[in-house]
**Student:** 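I have a structure here, written as structure tokens, and I will follow up with some questions on it.
Along the sequence shown, residues are numbered consecutively beginning with 1.
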Amino acid sequence: MNEEFVILRILHIVFGVFWAGSAIFLATILEPRLRALGPAVQGVVMRALMPVMVPAMLFSATITIAAGITLALRLRWDGLDRFLNTGWGWAILIGFVASMVAYTIGMMTSAAGRRMVALGASIEGRPPTPDEGARIQQLGSRLTLYGRANAVLVIIAVVSMASARFV
């Protein structure tokens, strides 16, 4: 049983660090710098990163959430009827809800990113039409919003779960 907890904690922490770190880095450093460099640079870099980063982040999120659920159930299975009677239970629930909303936003980011990559590929080598330009701006704004929301949610999840044992 102890080996199982060690493995679950390692999976939860390592993949959670990757997921949270990537979300925070993308939203606070990479995306604003690329936006400042302009659409020509931003488009090329994001088209190169999105097909790799989004699946990696969703995979990490899946492992993090699965390991976290397993840990929470294994640690408190005998006391689920009192789960929300403790600060620990509330902190874990808040972290879980924030994680699930972040995961959902990650799925939305994936879909919008695929649309952006497809649109970028369809106009490569020519200027976009006004309609395509508006669509690119709309998708870009949506991706920025999703990225920022995701970063805030993973921060909430990390803070909540990191403080769970102390509340």
**Student:** Are the side chain of S160 and the backbone of A91 linked by a donor-acceptor contact shorter than 3.5 Å?
**Tutor:** yes
**Student:** Check the side chains of R114 and S110 for a donor-acceptor pair under 3.5 angstrom, ignoring hydrogens and angles.
**Tutor:** yes
**Student:** Verify side chain to side chain contact (heavy atoms under 4.5 Å, CB included) between F59 and V54, making sure each step is shown before the conclusion.
**Tutor:** CA-CA 8 Å; F59 176 77; V54 172; over 6 Å; no
**Student:** Check whether more than 12 heavy atoms from other residues, nucleotides or ligands sit under 6.0 Å from atom CE of M107, and answer yes or no.
**Tutor:** no
**Student:** Using atom types as modelled and distance alone, determine if a side-chain donor or acceptor of T64 lies under 3.5 Å from a backbone N or O of G16.
**Tutor:** yes
**Student:** Is the count of non-hydrogen atoms from other residues, nucleotides or ligands lying under 6.0 Å from Q137 atom CD greater than 12?
**Tutor:** no
**Student:** Does H12 use its side chain to pair, donor to acceptor, with the backbone of A67 at less than 3.5 Å?
**Tutor:** no
**Student:** Looking only at heavy atoms, what is the nearest atom pair of V154 and A20, with distance?
**Tutor:** CG2-CA, 3.8 Å
**Student:** For R35, does the CZ atom sit with more than 12 other heavy atoms under 6.0 Å from it, leaving out its own atoms?
**Tutor:** yes
**Student:** Could you check whether R126 pairs with E132 (Lys NZ or Arg NE/NH1/NH2 to Asp/Glu carboxylate O, under 4.0 Å)?
**Tutor:** yes
**Student:** Once rounded to the nearest 0.5 Å, what's the spacing between atom CD of Q42 and atom CG of L49?
**Tutor:** 11.0 Å
**Student:** What closest approach, in Å, do M46 and P51 show between heavy atoms, and which atom pair accounts for it?
**Tutor:** O-CD, 4.2 Å
